[in-house]
*Asks:* 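Could you have a look at this structure, given as structure tokens, before my questions?
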Amino acid sequence: MSLIVQKYGGSSVATLQKMQFVAEKIKKYFEQGHQLVVVVSAMGKTTDELLHKAFTLHPSPPERELDMLLSTGEQVSIALLAIALDALGIPSLSLTGGQAGIITTDLHTKAKIIHIDVHRILEGLEQNKVVIVAGFQGKNLQDDITTLGRGGSDTTACALAYALKADFCEIFTDVNGVFTADPRIVPQAKKIDRISYDEMSEMANLGAKVMQLRAVDFAHAYRVKVHVRCTFDDQEGTWIEEVGNMENAQVRAVTHSGDVIKVVLQGVPNRPGIAAQIFEALANLSVSIDMIIQSEGRETVKDVAFVVLKEDESKVKKAIEELRGKINFQNIILDYEKSRISIVGAGIASNPQIAYRMFKILAENNVNIDMISTSNLRISCLIPREKMEESVRALHREFIEEEKIEVETNE
Ligand code: ADP
Ligand code: ASP
Ligand code: MG
């Protein structure tokens, strides 16, 4: 008998039929004697549809109201799942994030969990109920509803697994686990049986949306064991856990993200403190930045380029408007036609052969690299959007399908 936190993503509860399937799956676990806390996401594309409505009415909707709106998606799911379970004779209790005791910061649309009071959840479990919690949401200290950023139900699940000292956290989704590339783009992608928190964090950061970045980092910080697996299949999925470092630097996965914007501030004054001002304006709005490049060249002015996520577009525009009043840059370009592709694996930057092979493969495929960034865990290139999918496939062929781990001998 275990205490398990399970999370069912939007694709797993996209229709009433799938919701019923999930209810039957929960029933099986429940009848085996497990205690279950089930986190659910909004059905299918509900969150996108709600966002679309808000942005139709307003170019930059008030964020408190966005959270009020978006949280309704998950609320529909918890109620329907409780109703479906009742129809199967399984007692359950549905709770919004706030009711489940999830207290967050005030930062609407990207709030951070600061405290979890699990007493209502424990009461439900003691009454032998399946406790169903709305993912992706909490409340701040003023009782206003907040949300945890796109994909945030993963964070709800990992945080509850930690707070409840669950045996493990199961992330149920529409693929069999974490793959060496998005299986929708690379049919040859292989399921990874075990992956380290660090590698998974980097993959999530670079576009493998199977797990939200913050959820992985939370699981890492509190050593929550996470099993990513398929709702519609009983196979073992991928375990995210502490994995001892391989001696050989090895590419574990190829990731991509088309949801990025390249921002170029042209003709920025060349004097100390300007970069700090630019990135302060972005940081104040919680915009995450990647691949910063400052041009060499002209004495008095420079160009500063960086990459942001599309979901932060309205915040970036706001920050740029603020900067316009403070620093005299000459021009701004927002480039929506780029994608970021990356190879991920512990220690790969320490092997110069790997970077060389990545650039060579892109060159052979006639791909012009616009920006590059590296860390010990990844090498990323910004490339034209139309080259993204074929580049991911080419890199996957080179580094995963044809890769053989070299064994050194003394001969
Ligand atoms: P959910 O609705 O369950 O939260 P998501 O759509 O957020 O599911 O995440 C699952 C999707 O992530 C998969 O359908 C897959 O296309 C995509 N994905 C991208 N990269 C990877 C990867 N490396 N491994 C597995 N899935 C990936
Ligand atoms: N429904 C939210 C989203 O689409 C949260 C989640 O699915 O995890 O981002
Ligand atoms: Mg998701």
Side-chain angles (χ1 to χ4, degrees), residues 6-15 18-19 22 39-52 66-67 69-78 97 109-111 133-138 146-159 170-193 195 199-216 226 228-233 237-238 240 251-259 309 311 340-345 378 388-389 392 395-396 400:
Q6 298 188 329
K7 175 252 172 179
Y8 292 91
S11 44
S12 303
V13 292
T15 60
K18 288 186 175 170
M19 188 75 85
V22 166
V39 174
V40 262
S41 295
M43 295 171 75
K45 301 250 169 279
T46 303
T47 309
D48 289 332
E49 287 158 14
L50 292 171
L51 273 172
H52 180 74
L66 267 183
D67 278 353
L69 178 71
L70 297 187
S71 61
T72 62
E74 272 67 15
Q75 207 173 320
V76 169
S77 295
I78 55 169
T109 77
K110 277 190 183 174
V133 180
F136 171 60
Q137 56 176 263
T146 53
T147 65
L148 309 177
R150 296 304 307 269
S153 302
D154 297 333
T155 296
T156 307
C158 291
E170 287 183 309
I171 302 287
F172 283 102
T173 184
D174 57 353
V175 286
N176 268 325
V178 180
F179 281 69
T180 50
D182 187 340
R184 288 181 207 290
I185 292 193
V186 184
Q188 293 80 3
K190 298 177 200 151
K191 190 185 79 193
I192 301 171
D193 294 330
I195 190 162
E199 286 169 321
M200 189 65 233
S201 168
E202 202 63 84
M203 284 178 71
N205 184 27
L206 296 170
K209 64 178 184 152
V210 61
M211 272 290 279
Q212 193 206 27
L213 171 63
R214 277 176 53 191
V216 183
V226 180
V228 181
R229 56 194 308 198
C230 185
T231 305
F232 308 103
D233 189 317
T238 302
I240 306 173
V251 176
R252 296 296 305 275
V254 181
T255 62
H256 68 278
S257 174
D259 297 327
L309 296 178
E311 66 181 48
R340 180 181 51 199
I341 53 166
S342 314
I343 53 176
V344 177
R378 58 120 159 193
M388 177 178 80
E389 296 202 3
V392 170
L395 291 173
H396 192 270
I400 311 275

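Being a predicted model, the structure only gives us computed values, none of them experimental. Atoms within a ligand are numbered from 1 in the order they appear, just like the ligands themselves.
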*Asks:* Please determine which of I192, V210, N205 meets the side-chain contact (heavy atoms from CB on, under 4.5 Å) test together with M200.
*Replies:*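 Among I192, V210, N205, the one that satisfies the side-chain contact (heavy atoms from CB on, under 4.5 Å) with M200 is V210.
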*Asks:* Do S41 and ligand 2 have an N or O pair less than 3.5 Å apart?
*Replies:*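 Such a contact does occur with ligand 2.
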*Asks:* Just need the protein heavy atom nearest to atom 9 (O) of ligand 2, so name the residue and atom and give the distance.
*Replies:*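 Looking only at protein heavy atoms, the one closest to atom 9 (O) of ligand 2 is R150 NE, 2.7 Å.
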*Asks:* For atom 6 (C) of ligand 2, what's the nearest protein heavy-atom neighbour? Residue, atom name and distance, please.
*Replies:*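 That would be S153 OG, 3.4 Å.
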*Asks:* Counting C-beta onward and ignoring hydrogens, is there a side-chain heavy-atom pair between M203 and I195 closer than 4.5 Å?
*Replies:*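 Of all side-chain heavy-atom pairs linking I195 with M203, at least one is under 4.5 Å.
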*Asks:* Show the nearest heavy-atom pair for residues F179 and A253, with the distance to one decimal.
*Replies:*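 Result for this residue pair: O-CB, 4.2 Å.
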*Asks:* Got an N/O contact under 3.5 Å between F136 and ligand 2?
*Replies:*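 Checking ligand 2 against F136, no N or O pair falls under 3.5 Å apart.
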*Asks:* Grab the two heavy atoms, one from A181 and one from A189, that are nearest each other, plus how far apart they are.
*Replies:* O-CB, 3.4 Å
*Asks:* Is the closest heavy atom of G152 to ligand 2 under 4.0 Å?
*Replies:*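 Per 4.0 Å heavy-atom rule, G152 contacts ligand 2.
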*Asks:* Listed by chain and number, what are the side-chain contact (heavy atoms from CB on, under 4.5 Å) partners of A215, not counting sequence neighbours?
*Replies:* D154, T155, C158, M211, Q212
*Asks:* Would you list the atom pairs, donor with acceptor, under 3.5 Å between side chains in residues 44-51 and any protein atom, with sequence neighbours excluded?
*Replies:*
unit_1: T46; atom_1: OG1; unit_2: M43; atom_2: O; d: 2.3
unit_1: D48; atom_1: OD1; unit_2: R150; atom_2: NH1; d: 3.1
unit_1: D48; atom_1: OD1; unit_2: R150; atom_2: NH2; d: 3.1

*Asks:* Side chains of D67 and T147: any donor to acceptor distance under 3.5 Å?
*Replies:* yes
*Asks:* At under 4.0 Å between heavy atoms, is it the side chain or the backbone of E74 that contacts ligand 2, or both, or neither?
*Replies:* side chain
*Asks:* Give a yes/no on ligand 2: does G151 have at least one heavy atom closer than 4.0 angstrom to it?
*Replies:*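 In this structure, G151 qualifies as a contact of ligand 2 - some heavy atom is under 4.0 Å.
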*Asks:* Do you know which two heavy atoms are closest between S41 and G10, and how far apart they sit?
*Replies:* CB-N, 3.4 Å
*Asks:* If you count only heavy atoms, which residues are under 4.0 Å from ligand 1?
*Replies:* K7, G9, G10, S11, F172, T173, D174, V175, G177, V178, F179, A181, D182, P183, R184, M203, A208, K209, V210
*Asks:* Name all residues meeting the salt bridge (charged side-chain N to carboxylate O under 4.0 Å, His left out) criterion together with R229; count only those two or more places apart in sequence or in a different chain, and write none if there are none.
*Replies:* E170
*Asks:* Out of K190, K191, R252, H396, which residue meets the side-chain hydrogen bond (donor to acceptor under 3.5 Å, both in side chains) rule with T180?
*Replies:*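 Of all the options given, the one that passes is H396.
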*Asks:* For ligand 2, which atoms have a heavy atom of T47 less than 4.0 angstrom away?
*Replies:* 1 (N), 2 (C), 3 (C), 4 (O)
